[in-house]
2 protein chains.
Amino acid sequence: MKTEEKIVEKKYQQAKECPITIFMEQIGGKWKPVIIWLLLSNEVMRFNELDKAIDGISQKMLSQQLKDLEKLNLIDRKSYPVIPPKVEYRLTEKGKSLKEILTIIMNWSNQNLR
Amino acid sequence: MKTEEKIVEKKYQQAKECPITIFMEQIGGKWKPVIIWLLLSNEVMRFNELDKAIDGISQKMLSQQLKDLEKLNLIDRKSYPVIPPKVEYRLTEKGKSLKEILTIIMNWSNQNLR
DNA sequence: TCAAGTACTTACTTTGAAGTAACTAACGAA
DNA sequence: TTCGTTAGTTACTTCAAAGTAAGTACTTGA
């Protein structure tokens, strides 16, 4: 009984600690890579620009994903107290460091997936 | 009216064609990277070995993921007509070519994610 | 004759990510 | 005084991925 509990606990921790799983959970969603990709080639983008640039995303989704990315310290949000509102998003250094990964994924995907 | 239809259609196609999105959809699930990772270091594994090696996966999930990976031509399934059954899984060349990507993801994740 | 071993399948339920649609605040312009 | 603009929020629904639990086939060994 006690043994079984320990095994379950251990398994849970191991699954949580796999770096690839963590990466996929945190950056591997439907929209995050696309947002990062756009910011890699555009430096600064406003909310509406991102909204227009990403086909099919809703404002709710965009706002949510941007919050997530900010929490992960991958993007930087800069808000100006003007009306109508103006908010700028750009990659942090950490965010920019994803370029290599995304590029390599893109190339592999183009060569190997339909 | 006609214009609007065309825009929708175009957006749909664009979203479908993003190579990073395609990659994430096809290889970015919860289990596939882990399976590939294991086969990168083990060359040949049997069903039960994979089952035991992967914490928390169910037989149903494992079987399903292996089928998916086989369809993508990333792994090779070899079944022997013996009893009890014996089935071997190994990476194809295409599967092995994911090593670079997974390694780079792993390193980045270790350095940048919790 | 019954359990053990292997590689699954089937049926059902749960979960969470994503989608949809409408609403909001604040101000300047017409 | 209503409209347009920007960057969101809120409430609700949908759907596919994942989880759970049990069953299956076939044969050997005790």
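Numbered from 1 within each chain, the chains take letters A, B, ... in sequence-line order.
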Inset, instruction - Report the C-alpha distance between B:Ile101 and B:Ile27 in whole Å, list the side-chain angles of each, state the deciding distance to 0.1 Å, and finish with yes or no for side chain to side chain contact (heavy atoms under 4.5 Å, CB included). - result: CA-CA 11 Å; B:Ile101 295 185; B:Ile27 327 216; over 6 Å; no
Inset, instruction - Evaluate side-chain hydrogen bond (donor to acceptor under 3.5 Å, both in side chains) for B:Glu49 paired with B:Tyr89, printing each intermediate quantity in order. - result: CA-CA 10 Å; B:Glu49 288 182 293; B:Tyr89 293 95; over 6 Å; no
Inset, instruction - Begin with the C-alpha distance, continue with both residues' side-chain angles, and end with the deciding distance and a verdict on side chain to side chain contact (heavy atoms under 4.5 Å, CB included) for A:Thr21 and B:Trp31. - result: CA-CA 8 Å; A:Thr21 303; B:Trp31 302 115; over 6 Å; no
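Judged by distance alone, with hydrogens and angles left aside, the side-chain atoms of B:Ser109 form no donor-acceptor pair with the main-chain N or O of A:Ile20 at under 3.5 Å.
Distances shown here put every side-chain N or O of A:Arg46 at or beyond 4.0 Å from the OP1 or OP2 atom of D:dT5. Contact between the side-chain N/O atoms of B:Ser63 and the OP1/OP2 oxygens of C:dT9 is found at a separation under 4.0 Å. In terms of phosphate contacts, A:Tyr80 brings no side-chain nitrogen or oxygen within less than 4.0 Å of OP1 or OP2 of C:dA26.
When rounded to the nearest whole Å, the span between CD of A:Glu49 and P of D:dG8 equals 13 Å. Separating the CD1 atom of A:Ile57 from the P atom of C:dA21 is a distance of 16 Å, rounded to the nearest angstrom. Distance B:Met61 CE to D:dA22 P: 18 Å, rounded to the nearest Å. Following rounding to the nearest Å, B:Gln64 (CD) and D:dA17 (P) show an atom-to-atom distance of 8 Å. Between A:Glu88 atom CD and D:dG8 atom P the separation is 12 Å, expressed in whole Å. Regarding B:Ile54, its CD1 atom lies at a distance of 15 Å from the C1' atom of D:dG19, rounded to whole Å. Put simply, CE on A:Met45 is 11 Å from P on D:dA7, counting in whole angstrom units. The CG atom of A:Leu66 sits 11 Å away from the P atom of D:dA7 (whole-angstrom rounding).
When heavy atoms are screened at a 4.0 angstrom cut-off, A:Lys60 is found touching base atoms of the nucleic acid.
Closest-nucleotide positions on DNA chain C for A:Gly29 and A:Ile83 were compared, and the one nearer the 5' end corresponds to A:Gly29. Judged by closest nucleotide on DNA chain C, A:Lys30 is the one of A:Lys30 and A:Gln59 placed further toward the 5' end.
A:Glu93 has a carboxylate O that lies under 4.0 Å from a charged side-chain N of A:Lys96, or vice versa, which qualifies the two as a salt bridge.
Among C:dG19, C:dT6, D:dG8, the nucleotide with an atom closest to any side-chain atom of A:Trp31 is C:dG19.
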